[in-house]
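Residues: numbered from 1 along the sequence shown.
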Amino acid sequence: MGKTYERIDGRLRTFIEDQPLFFTATAPLSGDGTVNLSPKGLKGSFAVLDEQTVAYLDFAGSNAETIAHLRENGRITLMWCAFQGPPNIVRVHGRGEPVFRDDPRFTDLLATHFPAIDPGPHGLRAIIVVHAELVRDTCGYAVPFMTYDEDRDLHAKRFAREDDASLSAYFTKKEHIATSMDGLPGLPLPLHPMRPV
């Protein structure tokens with residue numbers, strides 16, 4: 001049976017920090033808007049900032065739905081599943097915000113909480129900070145066993161070819177980066193240059 005928790009600590013924190021994959025879900029306020037669900041991986045790109053706050057790195061991709069939804073309404077759910085070991089699912093429901101490259105908090109967040117990540121090869125766009133409002137776990141009895149082998153290197157290989165200017169040009173050409181599929185403001189362009197960490 002599921003339980004509700006007031007904070008992210010102890011067993012819950014250990015569990016979510018150990019998972020190589022998690023999912024994010026967001027939606028616009030419009031009832032006929034597009035719900036977005038995204039998988040997130042890459043070792044070292046997720047961090048627990050404190051007992052009520054988590055963050056993850058938002059890398060280059062072909063859209064920016066999560067950013068657009070967070071800019072509009074802030075609602076987000078993160079979910080982790082146990083694919084190995086005892087069955088478990090943990091969800092963090094909360095309010096999120098994208099911290100962009102030109103935000104004074106960006107460099108400190110990156111240096112303090114993501115020291116193992118070299119942001120250059122991945123086209124880092126923002127840091128998504130989520131303040132937990134509800135933390136729950138459930139059984140996960142129907143989640144299958146699967147093994148984690150390693151992170152794919154394709155993302156780093158693809159975006160390592162870009163510098164700030166060419167990455168900004170790449171985003172400008174994509175249909176759903178500056179504007180979401182539902183017409184909401186997405187990633188601010190042109191992309192602000194990355195400050196040294």
Any side chain to side chain donor-acceptor pair (under 3.5 Å) involving residues 20-31? Give me the pairs, sequence neighbours left out, ordered by first then second residue.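 Passing the test, one end in residues 20-31: T26-H69, S30-D32.
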
Would you mind listing every side chain to side chain donor-acceptor pair (under 3.5 Å) that reaches into residues 176-185, with sequence neighbours excluded?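 Listed by first then second residue: T34-D182.
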
Are the side chain of N88 and the backbone N or O of L12 linked by a donor-acceptor pair below 3.5 Å?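 The answer is no, because no donor-acceptor pair under 3.5 Å joins these two groups.
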
Listed by chain and number, what are the ring-ring contact (aromatic ring centres under 6.0 Å, His included) partners of Y5, not counting sequence neighbours?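 ring-ring contact (aromatic ring centres under 6.0 Å, His included) check on Y5 returns nothing, list empty.
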
Would a single hydrophobic cluster contain both [Y] and [X], if residues Ile, Leu, Val, Met, Phe, Trp and Tyr are joined by side-chain heavy-atom contacts under 4.5 Å?
| X | Y | value |
| --- | --- | --- |
| V92 | I128 | yes |
| M79 | F83 | yes |
| F114 | V130 | no |

Nearest-0.5 Å distance that lies between atom OG1 in T107 and atom CZ in R101: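 Rounded to the nearest 0.5 Å, the OG1-CZ separation comes to 10.5 Å.
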
What distance do E175 atom CD and S62 atom OG have between them, rounded to the nearest 0.5 Å?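 Rounded to the nearest 0.5 Å, the CD-OG separation comes to 11.0 Å.
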
For D149, salt bridge (Lys or Arg N to Asp or Glu O under 4.0 Å) partners two or more places apart: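 Result, salt bridge (Lys or Arg N to Asp or Glu O under 4.0 Å) vs D149: none returned.
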
Qualifying residues under salt bridge (Lys or Arg N to Asp or Glu O under 4.0 Å), relative to R105, sequence neighbours excluded: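 Checked R105 against salt bridge (Lys or Arg N to Asp or Glu O under 4.0 Å); matches are E97, D103.
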
Between F22 and F46, is the ring centroid distance below 6.0 Å?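 Between F22 and F46, the centre distance is under 6.0 Å.
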
Tell me, which pairs form a salt bridge (Lys or Arg N to Asp or Glu O under 4.0 Å) where one or both residues lie in residues 52-73, sequence neighbours left out?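 Of all non-adjacent pairs touching residues 52-73, those that pass salt bridge (Lys or Arg N to Asp or Glu O under 4.0 Å) are D58-R125.
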
